[in-house]
Number of protein chains: 2
Amino acid sequence: MPPCSGGHPHPAHSLKKQPSKPTIASRPGELTIDLVAAAAGVSTATVSRFFNSPERLRKSTAARVQEVVNRLGYVPNLLAGGLSSSRTRMVAAVIPTMSNSIFSSTIQAISDTLADQGYSVVLGLTGANDQHTERQILSIIGRRPDGIILTGAVPSANTRMKLKASGIPTIETWDLPQDPIDMAVGFSHEAVGRAIGEHILRGGGRRVFIVSAGGVRALARRYGVTKMLVENGVPEPAIATFPGITTFGDGRRAVAAHLDAGGRPDVIVCSSDWGAHGALDELRRRGIRVPADVAVLGFGDIAFAGELDPPLTTVKIDGQVIGENATKFLMKRARGQNVRHRVVDVGFELIVRASG
Amino acid sequence: MPPCSGGHPHPAHSLKKQPSKPTIASRPGELTIDLVAAAAGVSTATVSRFFNSPERLRKSTAARVQEVVNRLGYVPNLLAGGLSSSRTRMVAAVIPTMSNSIFSSTIQAISDTLADQGYSVVLGLTGANDQHTERQILSIIGRRPDGIILTGAVPSANTRMKLKASGIPTIETWDLPQDPIDMAVGFSHEAVGRAIGEHILRGGGRRVFIVSAGGVRALARRYGVTKMLVENGVPEPAIATFPGITTFGDGRRAVAAHLDAGGRPDVIVCSSDWGAHGALDELRRRGIRVPADVAVLGFGDIAFAGELDPPLTTVKIDGQVIGENATKFLMKRARGQNVRHRVVDVGFELIVRASG
DNA sequence: TCGCGCCATGCAATCGCTTACAATTTCTTC
DNA sequence: GAAGAAATTGTAAGCGATTGCATGGCGCGA
């Protein structure tokens, strides 16, 4: 007899044996599918089907399982399920930070859209740091989510490679990368800049002051503005740059410093509504009228942009639509369908209000 | 010879065999620990140890594994790891919503503290809806996180039961529940209200107007204020209530409506700094001086509370400290240590600025 | 009554790790 | 140089689900 090939020596008894020797840690008494199956007098397969394709069960069977599940309070272990089906029903959302993030509406939309279908969102907060980003993304890949949604974070070339290699559907959002990792939903930041530039030209502004964040997207917008202006004979704008997102305080201080230094702008462009809000505040303190003396433009259309005094002219991005599109892509992929347009431009909207 | 005990029949060939019969779906060609082990000429246990307790490996061995891991780009499957070790290295954070959430600093702190240790955060956005909350929490329990952090969401009695039954360490934050599910890190909202009340008494305010959110915590604060005032002979405050969090617009409109209806408050208390910000704005438009004519008080100490005009008097909660404490609890529990004080009061701070 | 096809279930082999225990090595110490 | 302790590494049994395939029961036309 070939030693030990094929049949196993002791056909496993279906009865519970005394705890077999190498018992690995586990929450003792964890309620498993076997217990439920036994209690309901069905096989584990049936219980599994009860949760994943109830329509395949006879009504009476389903009812029996249902009863036991309720009575015992059984909650299937999605880890085990994910491992064996290689569908984890998780999507990862990677963003730089939680605090007053312009991306929160996108994440919210993603979570809302997916919750019905039993999906959860894992968060990856990268900060500005490249190493953090890499580590977070590695950890995320390790969890084998069904999709990864990148917003705001800019992965290094190396990290992009790893993402590609992972084979996990990946969606970049809030931008239109020239060489997408996989799919993308966003808009052109440079186009936003150009639109702002045109608006300034229409208003006849000539002494432009830009309060800009340091990220690549803010820079792209700034570039768009500047190009449009210079190409049309307006002098090169003055610029103040801040690392990270532009806050209320940043806007206020930048304007104060610029004015104190003798600047006499007729248009102030901020890379966030927060900054614009701060700018408005500083101008009011100094008795400078908006928009009579100087126009103020923002970006983002935060909740109360229209309620400021004066209401803020800004650029609105529909973060929710971005999130919805992203999950739509993901769900299609999950169903094995191919996605034709892998890059979607959701555009933007210049909202002209009283501030400029 | 005892059948098959000890020595293995065919020392596993490192070569791929033809796909064995019942092959279940899996990303084809998924790189597994076996492949890495084979390539490095060690056992799977050694590769596993390389990731989980590298100090137990001989340096030369670790280097060999490291090399292979790098060359192949292997990323361990944390699902499988979590399943077998029953430590998922995930914590769930349950909050009502992403948008301008006062809790974001707490979540950020949780994520930051845990990231070094390879933990990830799963998000549960419950909204205000009870059913959503229940579903989200069930889905979270199914993922067997190492801990659940509840902030803001108020689970139903039924859901609390399920959480308790799950045996997963659970921490309620931003409040001090009278009957905690498990552990709690927060502060007393009523005490905050009383402190605000005292501050008003010190300032001699008598015609108080409260702009309040509808949540239980906001109500507790309102109760504290009212109690303190009434007990000291100040007339019962006028109240405007809004569902959800109080926004800039809410604050502005509430004040406008109150003034239009003939209210002549000398103190306005808002249940968020956003609301207070809106109130300030409306007052300025009407030429009402702050604090000369009316004092304005907020809650939360948002980033630019101190930069408003006038700077806002408010109550500061250190959301970061809450998050850090919560994770400290969790890590202790994970290490099997017992936690002595299961409820921690992190207190609050009344920050008196020019607005009142 | 028998044959056939369809449904509803059950069986049991994975999924990719971790870890108790056993088996080797590699020091230490005398 | 040998014995015993300590440090490394290997073996293989799970973890708790999913799902391809096999099976048994039932209805229906001939």
Side-chain angles (χ1 to χ4, degrees), chain A residues 4 7-8 10-12 14 17 19-28 30-37 40-62 64-65 74-89 142-144, chain B residues 4-9 11-12 19-28 30-37 40-62 64-65 74-89 142-144:
Chain A
C4 307
H8 38 174
H10 315 288
S14 58
K17 333 183 62 164
S20 51
K21 270 180 296 177
T23 295
I24 287 186
S26 84
R27 293 181 205 282
E30 165 109 9
L31 191 52
T32 68
I33 200 174
D34 308 77
L35 265 28
V36 175
V42 298
S43 73
T44 64
T46 300
V47 178
S48 174
R49 291 188 187 110
F50 170 76
F51 285 104
N52 300 310
S53 44
E55 73 285 356
R56 291 187 47 189
L57 294 193
R58 186 178 302 162
K59 275 210 160 188
S60 60
T61 314
R64 208 142 36 101
V65 176
Y74 170 65
V75 182
N77 185 328
L78 295 175
L79 247 69
L83 177 59
S84 69
S85 68
S86 66
R87 292 180 62 242
T88 54
R89 293 168 176 285
R143 291 185 198 282
R144 307 291 192 270
Chain B
C4 306
S5 62
H8 42 165
S20 51
K21 270 180 295 177
T23 295
I24 285 187
S26 84
R27 291 181 206 283
E30 164 110 7
L31 189 53
T32 68
I33 200 174
D34 308 76
L35 265 29
V36 175
V42 298
S43 72
T44 62
T46 299
V47 178
S48 174
R49 291 189 187 108
F50 171 77
F51 285 104
N52 301 310
S53 44
E55 73 285 357
R56 290 186 48 188
L57 294 193
R58 186 178 301 163
K59 276 209 158 188
S60 60
T61 314
R64 207 141 38 101
V65 176
Y74 171 65
V75 182
N77 184 328
L78 295 175
L79 275 177
L83 178 58
S84 75
S85 68
S86 65
R87 292 180 61 242
T88 53
R89 294 168 175 283
R143 293 187 197 281
R144 307 290 192 272

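Residue numbers start from 1 in every chain, and the chains themselves are labelled A, B, ... in the order their sequence lines are given, proteins ahead of strands.
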Note, A/Val75 side chain near B/Arg144 side chain (heavy atom, < 4.5 Å): yes
How many whole angstroms separate atom [atom1] of [X] from atom [atom2] of [N]?
{"X": "B/Leu79", "N": "C/dC15", "atom1": "CG", "atom2": "P", "answer": "15 Å"}
{"X": "A/Leu78", "N": "D/dG16", "atom1": "CG", "atom2": "P", "answer": "14 Å"}
{"X": "A/Asn52", "N": "D/dA17", "atom1": "CG", "atom2": "P", "answer": "11 Å"}
{"X": "B/Arg144", "N": "D/dC15", "atom1": "CZ", "atom2": "P", "answer": "14 Å"}
{"X": "A/Leu35", "N": "D/dG16", "atom1": "CG", "atom2": "P", "answer": "10 Å"}
{"X": "B/Arg143", "N": "D/dA17", "atom1": "CZ", "atom2": "P", "answer": "14 Å"}
{"X": "B/Glu30", "N": "C/dC15", "atom1": "CD", "atom2": "P", "answer": "10 Å"}
{"X": "A/Leu31", "N": "D/dA17", "atom1": "CG", "atom2": "C1'", "answer": "13 Å"}

Which atoms of nucleotides 5-9 of chain D (N or O only) lie under 3.5 Å from a protein N or O atom, and what are those distances?
unit_1	atom_1	unit_2	atom_2	d
D/dT9	OP1	B/Thr61	OG1	2.3
D/dT9	OP2	B/Arg58	N	3.1

Under 4.0 angstrom between B/Asn77 side-chain N/O and C/dC15 OP1 or OP2: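 Checking C/dC15 against B/Asn77, no side-chain N or O comes under 4.0 Å of OP1 or OP2.
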C/dG16 OP1/OP2 closer than 4.0 Å to side-chain N/O of B/Tyr74: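 Checking B/Tyr74 against C/dG16: no side-chain N or O falls below 4.0 Å of OP1 or OP2.
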From CG (A/Leu79) to CZ (A/Arg143), nearest 0.5 Å: 9.0 Å
Interatomic distance, A/Asn77 atom CG to A/Leu83 atom CG [nearest 0.5 angstrom]: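 It comes to 10.0 Å.
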Closest-nucleotide ordering on DNA chain C, the 5'-leading residue of A/Thr44 and A/Lys59: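 Looking at the nearest nucleotide for each, A/Lys59 comes out on the 5' side.
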Pair B/Phe50 and B/Tyr74, ring centroids less than 6.0 Å apart: no
Options C/dT18, C/dC11, D/dA17, nucleotide nearest the side-chain atoms of B/Ile33: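 Minimum distance to the B/Ile33 side chain belongs to C/dT18.
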Nearest-neighbour nucleotide for the A/Thr32 side chain, D/dA17, D/dT18, C/dG10 considered: D/dA17
Sequence neighbours excluded, every pair satisfying side chain to side chain donor-acceptor pair (under 3.5 Å) that has a member inside residues 51-60 of chain A: A/Ser48-A/Asn52
Those residues that, when tested against B/Ser43, pass side-chain hydrogen bond (donor to acceptor under 3.5 Å, both in side chains) (two or more places apart): B/Thr46
